[in-house]
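What follows is a single structure, written as structure tokens, with notes after it.
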Amino acid sequence: QVQLVESGGGLVQAGGSLRLSCAASGRTFSSYAMGWFRQAPGKEREFVAVVSNSGGITDYADSVKGRFTISRDNSKNTVDLQMNNLKPEDTAVYYCAAYPSDYRDYKTYKHWGQGTQVTVSS
């Protein structure tokens, strides 16, 4: 069983930065892709970023490309999301997720963290 725990959320002004981290349990962390998703009130959960099992391949939603960076450290079982130039529309609960079959589709991920709130004030 994989357990995921996010940290690093908070309140920040527009234009600011936050770094989210997700710690994973289990010895097979390096064998699966990891993704970040977000969900704003009244909206469906949406894809933010994904990193391959080795860390060599990443992909981003168009809305965050050039501002967010996903990375992973397989020696520490962590995946991070560096968020720069934050905008009010980035306000949401952010979730990390593991083991997808279709990395852009949240329904295909097998494991989820509890989420961390990110609030960007204008």
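As a basis for the values below, the full set of heavy atoms in this structure was taken, side chains included, without hydrogen atoms, waters or symmetry mates.
R67 has a carboxylate O that lies under 4.0 Å from a charged side-chain N of D90, or vice versa, which qualifies the two as a salt bridge.
Using a 4.5 Å heavy-atom threshold, the side chains of W112 and R45 count as touching. Within the 4.5 Å cutoff, no side-chain heavy atoms of S71 are placed close to those of Q82. Contact check for S63 versus R38: side-chain heavy atoms found under the 4.5 Å cut-off.
No donor-acceptor pair closer than 3.5 Å links the side chain of E46 to the backbone N or O of Q39. Judged by distance alone, with hydrogens and angles left aside, the side-chain atoms of Y95 form no donor-acceptor pair with the main-chain N or O of Q114 at under 3.5 Å. Using modelled atom types, one side-chain atom of S25 and one backbone atom of Q3 make a donor-acceptor pair closer than 3.5 Å. The backbone N or O of G26 sits less than 3.5 Å from a side-chain atom of N77, completing a donor-acceptor pair.
Taking the six-membered ring wherever Trp is involved, the centroid distance between the rings of Y103 and Y109 does not fall below 6.0 Å.
Counting non-hydrogen atoms of other residues, nucleotides and ligands closer than 6.0 Å to CG of L11 gives a total above 12. Summarising the local packing, NZ of K43 is surrounded by 12 or fewer heavy atoms from other residues, nucleotides or ligands at distances under 6.0 Å.
In this structure, OG1 on T69 lies 8.5 Å from CZ on R19, to the nearest 0.5 angstrom. Distance check: N53 CG to S31 OG gives 7.0 Å after rounding to the nearest 0.5 Å. If you take OG on S52 and CG on D59, they are separated by 11.0 Å, rounding to the nearest 0.5 Å.
Looking at every heavy atom in both residues, T119 comes nearest to Q117 through OG1-NE2, 3.3 Å. The two residues T108 and S101 have their closest heavy-atom pair at CB-OG, 3.1 Å. Residues S54 and R72 share a closest heavy-atom pair of C-CD, 4.4 Å. The minimum heavy-atom distance between A40 and A92, with the atom names listed, is N-CB, 3.9 Å.
Think of V5 as one node in a network of Ile, Leu, Val, Met, Phe, Trp and Tyr side chains linked at under 4.5 Å; it has no links at all. Cluster partners of V118, by chain and number: V2, L4, V12, L18, L20, F29, Y32, M34, W36, V48, V51, Y60, V64, F68, I70, V79, L81, M83, L86, Y94, Y99, V120. The rule joins Ile, Leu, Val, Met, Phe, Trp and Tyr whenever side-chain heavy atoms lie under 4.5 Å apart.
Evaluation of the disulfide (SG to SG under 2.5 Å) test over residues 30-64, restricted to residues two or more places apart or in two chains, returns none. Pairs engaging residues 62-119 under the disulfide (SG to SG under 2.5 Å) rule: C22-C96 [sequence neighbours left out]. Pairs engaging residues 31-76 under the disulfide (SG to SG under 2.5 Å) rule: none recorded [sequence neighbours left out].
A search for salt bridge (Lys or Arg N to Asp or Glu O under 4.0 Å) contacts involving E89 returns nothing, not counting sequence neighbours.
Residue S21 forms a side-chain hydrogen bond (donor to acceptor under 3.5 Å, both in side chains) with just one option from D73, T116, D80, and that option is D80.
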